[in-house]
Each structure stands twice: as structure tokens, then as C-alpha cells.
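Below, each value reflects all heavy atoms present in this structure, side chains not excepted, and no hydrogens, waters or symmetry copies.
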Amino acid sequence: MSATWTLVLAGGDGTRLAPVTRRGDGAVVPKQFCRLTGPRSLLEQTLDRADRISGRDRTVCVVTSKHSRWWSEQLGDRALDNVVVQEANRGTAAGVLLPIAHILRRDPDATIVILPSDHHFADEDTFVRAIRRGVEASRAQPQRILLMGIVPERPETDYGWILPATDHDGAPARVACFVEKPPRHRAQELMSAGGLWSPFVLIGKASAFRDIFARSAPDLLQRVEARVAEERQGILYRNADLPELDFSGSILQAAADRLRVMPVPACGWSDVGTPERLRACQQELPRERQRSARVVVETGTRAQV
């Protein structure tokens, strides 16, 4: 049985939440490094989640060099070879491929769970159980990429949606379509039709991820693999010269025949992507976590790392 690895994506700039996470000196702290929903940052919470899925030794985090003032402490006790540092943020395609190539070099048979580092889950146990089921389903279909879709709690207009092509009934299903930020009437239709929220959580064999890059971005794949082969443990990956591509638009959509979607039961998920959603998320926290959260979205209040 292939080993499970978790890839935590922590290279983003988090600009949408800048009104909350801007410091007094004007610097915007990416939200994954902020303590927004309790005493641990969103990144630290994600690492805890990842360690439950794959174990600490097989949890890899990708970050960006310019954010080192924030991630160096939060990742300070992690193995050096499990922190992939990219020279620059060159879009989500390079940001996903670089650590996948890094993992492939170490474990060619790896099964990889991809997690964003800046999301909140009120019910961690439900989410982790669903991911473990997803890992088993992925191993049964090693040529597929599995998208985890969250059963919606409301007809949300500011999230992406995945519509399964058939009744999923808890099992992987083909994807009928993706819908990004639908108007309310369309979100209601999607919810009624079994649509799922898209949290950008993916599961698949490392080789399956490599295959979809080979199909849609062979030049990027060749250059990234050459770069990973050159570097050694603890050395910054140079990527400023790589093409800037969007993973969802340029890679995933071109591999629709390889994709399957699997539901995650409602688990209090939020991308905490705007001050309004952060406020709503904080209002639902248990009282003890409300007390320990370091930011309340009010005029003059700022996040702390």
C-alpha cells in the first residue's frame, strides 16, 4: 500500500483579507499565519490536521521566501526536507507542482492529499474521517484525481461549486461542471441538485498529478523536475523564471476526464476569505476559542501572528 503524504499550500499572499491582517507598519500578513480562530494560526491548525492524516514525517508545506518572517517560527520544529521554499509566488500551478515533484523524488508511489493552509473547519473529526475515506477511494482508482466537495449548508454565492454528474451517495462521481461564485438563484439550484462546495482539497497518486501536468503544461513540468533534481535539502527552489499558470483553470479543467468528486459531510467549513466571513466564523466559535482568538473584525483591530 502506498504511503499517504499531505501537502499544505501556504505560499499565498492573502490579499483579500488585507483590511484585517494589515499591520501598523503597513505590511499585510498572509492570513494563514494569523491567529484568527483561536490560539493557533490557520497554518498551525492545518498542520495539526495534516499530521492526523499522514503523520508528521510525511507532511510537506510549501511556502514563499518573502514570507519567511512569519513561517520561520511556525515551521521551526519541522524537518528541513518537509518545508519547500519557493523563491517567488508564480501562481498556483507552479506552487502545486513544485512540492509534488519534491515528494515524488522521495517517494515515487506516494498518495498525496492537498490542503489549503488558510481554511477553518469547526468539526475537524468529520473532515479528517472524510479525507481518510477519500484516500482509500483514491487508491482504488489510482489514475484519477479526487476532488473533495463539502455538502453545503446554504446557497453560498461567494464560493466555487462542483456539480456531480450522478448521484454521489457518498462515493466518487464524475464531474458535470464547475460553477464559480454563482448568483443566488443558481446557488439554490446547485444545492437542490446535489452540488458541493469546492474547498480546493484534492487527493491522488503523485504520478496521477504528474500525468495531468504532462498533458497540459509539459514545459512547466520539465523545468520544475529539472530544478528539483538540481537542488538539495534545505536549498531554496528557484522559480522566478517559471510560467505563471492557474492550477484550476490551466491544469484541472483540461483533465476533466481524470477527475472524480467525493462528498464531505457538512463540517463547519469556511475559507475565512473576507472580513464578513471571518466575523461569521468567529461568532460560531466555542466560547473558549472566542476568548483566545487574537482578532475581532472591528474598526482599528488587527490580526496578530
* Asked: Ser2 and Thr111: which non-hydrogen atoms are nearest, and at how many Å?
  -> OG-OG1, 2.7 Å
* Working to the nearest 0.5 Å, report the span between CD1 of Ile53 and CZ of Arg132. => 7.5 Å
* For Gln222, does the CD atom have more than 12 heavy-atom neighbours from other residues, nucleotides or ligands under 6.0 Å away? -> no
* To do: Not counting sequence neighbours, which residues clear side chain to side chain donor-acceptor pair (under 3.5 Å) with Arg69? List them please.
  => none
* Run the salt-bridge test on Asp271 and Lys31 with the 4.0 Å N-O cut-off and return the result as yes or no. => no
* To do: Please lay out, stage by stage, how Arg279 and Glu276 fare under the test salt bridge (Lys or Arg N to Asp or Glu O under 4.0 Å).
  => CA-CA 5 Å; Arg279 182 185 297 112; Glu276 294 74 23; 5.1 Å; no
* To do: Any pair with a residue in residues 192-209 that passes side-chain hydrogen bond (donor to acceptor under 3.5 Å, both in side chains), sequence neighbours left out, goes on the list, sorted by first then second residue, please.
  => Asp109-Lys205
* Looking at CZ of Arg260 and CD of Gln143, how far apart are the two atoms once the value is rounded to the nearest 0.5 Å? -> 11.5 Å
* Could you pull out all residues at least two apart from Asp241 that satisfy salt bridge (charged side-chain N to carboxylate O under 4.0 Å, His left out)? => Arg223, Arg227
* Compare every heavy atom of Gly194 with every heavy atom of Pro164, then report the nearest pair and how far apart it is. => CD-O, 3.4 Å
* Is there a path of hydrophobic side-chain contacts, each under 4.5 Å between heavy atoms of I, L, V, M, F, W or Y residues, that connects Val128 with Leu115? -> yes
* Asked: Rounded to the nearest 0.5 Å, what separation is found between the CD1 atom of Ile114 and the CZ atom of Phe247?
  -> 5.5 Å
* Asked: Considering residues, nucleotides and ligands other than Glu153, do more than 12 of their heavy atoms fall under 6.0 Å from its CD?
  -> yes
* Asked: So, Thr64 versus Gln86: side-chain donor-acceptor pair below 3.5 Å or not?
  -> yes
* To do: Before accepting this row, confirm whether a basic side-chain N of the pair Arg52/Glu124 lies closer than 4.0 Å to the acidic partner's carboxylate O.
  => no
* **Distance-only side-chain donor-acceptor flag, Thr46 / Ser117, under 3.5 Å** => no
* Structure fact -> Applied to residues 155-165, the side-chain hydrogen bond (donor to acceptor under 3.5 Å, both in side chains) test, sequence neighbours excluded, yields Arg154-Glu156, Asp158-Arg277
* Residues two or more places apart in sequence or in another chain: which of them pass side-chain contact (heavy atoms from CB on, under 4.5 Å) with Ala176? -> Leu163, Ala165
* For Glu244, check salt bridge (charged side-chain N to carboxylate O under 4.0 Å, His left out) against everything at least two apart and list the hits. => Arg90
* Heavy atoms, side chains only, cut-off 4.5 Å: are Arg78 and Cys61 in contact? -> no
* Pairing residues for Trp71 by the side chain to side chain donor-acceptor pair (under 3.5 Å) criterion, not counting sequence neighbours -> none
* Listed by chain and number, what are the salt bridge (charged side-chain N to carboxylate O under 4.0 Å, His left out) partners of Arg174, not counting sequence neighbours? -> none
* To do: Just jot down the side chain to side chain donor-acceptor pair (under 3.5 Å) partners of Arg258, sequence neighbours excluded, or say none.
  => none
* Asked: Are Arg106 and Asp81 ion-paired here, with the side-chain N under 4.0 Å from a carboxylate O?
  -> yes
* Say whether Thr59 and Ser54, considering side chains only, have a donor N or O and an acceptor N or O under 3.5 Å apart. => yes
* In Å, rounded to the nearest 0.5 Å, how long is the span from CZ of Phe33 to CG of Leu75? -> 7.5 Å
* Asked: Is a salt bridge present between Glu136 and Arg139, judged by a nitrogen-to-oxygen distance below 4.0 Å?
  -> yes
* Asked: What pairs meet the ring-ring contact (aromatic ring centres under 6.0 Å, His included) rule with one or both residues in residues 124-157, with sequence neighbours excluded?
  -> Phe121-Phe127
* Asked: When hydrophobic residues are tied together by side-chain contacts of less than 4.5 Å, even through go-betweens, does Val272 share a cluster with Val28?
  -> no
* **Spatial distance of atom CD1 (Ile145) from atom CG (Leu259) [nearest 0.5 Å]** => 7.5 Å
* Check Asn82 against Arg56 and note the closest heavy-atom contact, atom names and distance. => ND2-O, 3.6 Å
* Structure fact -> Sorted by chain and number, sequence neighbours left out, salt bridge (charged side-chain N to carboxylate O under 4.0 Å, His left out) with Asp48 holds for Arg40
* **Set of side-chain contact (heavy atoms from CB on, under 4.5 Å) partners for Asp257, sequence neighbours left out** => Arg215
* To do: Mind listing the closest non-hydrogen atom pair of Asn89 and Gly12 along with its distance?
  => ND2-CA, 3.9 Å
* Structure fact -> Separation between CD (Glu225) and CZ (Arg210), nearest 0.5 Å, reads 4.0 Å
* **hydrophobic_cluster_shared for Leu147 and Phe200, side chain cutoff 4.5 Å** => yes
